[in-house]
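Accompanying notes for the structure given below.
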Amino acid sequence: MTTNATNAVFEQLVQQHQAMVFRTLTRLTGSTDRVEDLAQDVFLRLYRALPGFRGEALVSTYLYRIAVNVAQDEWKRRRREDRPLVSISEDPEWPLEERLPDPARNAEEQMAQREFAQVVEQELQRLSSVERSVLVLYHQEERSYEQIAEALRMPIGTVRTHLHRGRKKLREALAARQVESRRLVCNQSR
Amino acid sequence: MQPEPMKQAEEQMRELDARIVEALERAPRVIVPEGFAARVAARVPAQRVSVYRRTRIKASRYGMGAAVAGLIVLAIVMLTLAPRVQDNGAFWKAMEWTFCAQFCVLAAWLGLGRRGVE
């Protein structure tokens, strides 16, 4: 195959999967900051890995694995540089209004939902990277246990454990926040 | 039968779970920059070719060095064997011809290889 033909095929592959890669990286890193650079890194790593790719797994599963690794590297880099994280819940490039496509709900409901989504996003970033990856792949990307196990190279039982543990941690953190906010409201009303 | 406050707490937990799942399932709306795929595809072959060229030139230079060293060694061996070939037997003659053939092959490979390195 000529270089131009290879280019065209690879470009098509990137086009097919770019939205998924951007979406996953945005959620996993908790920020839209540098997401384009990270996505480029994902596809370049895929290209380098393609000669050894024998089609045992779907390209998308392979891409999820690379995206998770790239997101983990990004977290390590941030920790090294001690950079404060701009959460997607506060990101001006991705306002929460854009994530609420349900126009039927009234303003109050939408506001409550927006606040809740913000809190979930913040708590998601506090989980371990494996728990966060499993939750994002399962709920956001709607991958099966088998696909997640293959993407993260871990047994299905471990995927289930991380999923259960991650959801439990989120639930507990959010319940604690709700109790705290109720206590504050009570104190203010007194 | 469960007491009323416990039932209520369970109900609240279930509701909280459902809201968490709903929030998790809502994917961020991403905007992929225009021409992203083309930019990535354009970066790829440049990297590939440069790596290939570097490796090839490096390998050729090592090969060249080894071939020149081999030619010198073969020349010395042939010169050392030359008096024996004149004096006696078929064995030394065969050895001399074998080394000679190797010398010629190496010299030819060196000559052709040089043209390819440019």
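Because the structure is predicted, anything quoted here is derived from the model rather than measured. Lettering of chains follows the sequences in order, A, B, ..., and the numbering in each one begins at 1.
Salt bridge absent: Lys7(B) and Glu10(B) never bring a charged side-chain N and a carboxylate O closer than 4.0 Å.
The aromatic rings of Tyr138(A) and Tyr145(A) lie parallel to each other, their planes meeting at an angle below 30°, with 60° marking the opposite boundary.
Chain B forms the most heavy-atom pairs under 4.5 Å with one residue out of Gln18(A), His17(A), Arg167(A), and that residue is Gln18(A).
Contacts between Leu124(A) and chain B at a heavy-atom distance below 4.5 Å involve the side chain alone, from C-beta outward. Contacts of Leu135(A) with chain B are made by side-chain atoms alone, with heavy-atom separations under 4.5 Å and no backbone atom involved.
When every heavy atom of Leu28(A) is checked against every heavy atom of Arg132(A), the shortest pair comes out as O-NE, 3.2 Å.
Judged by a 6.0 Å distance limit and a 45° cone about the ring axis, Arg19(B) is positioned over the six-membered ring of Phe116(A).
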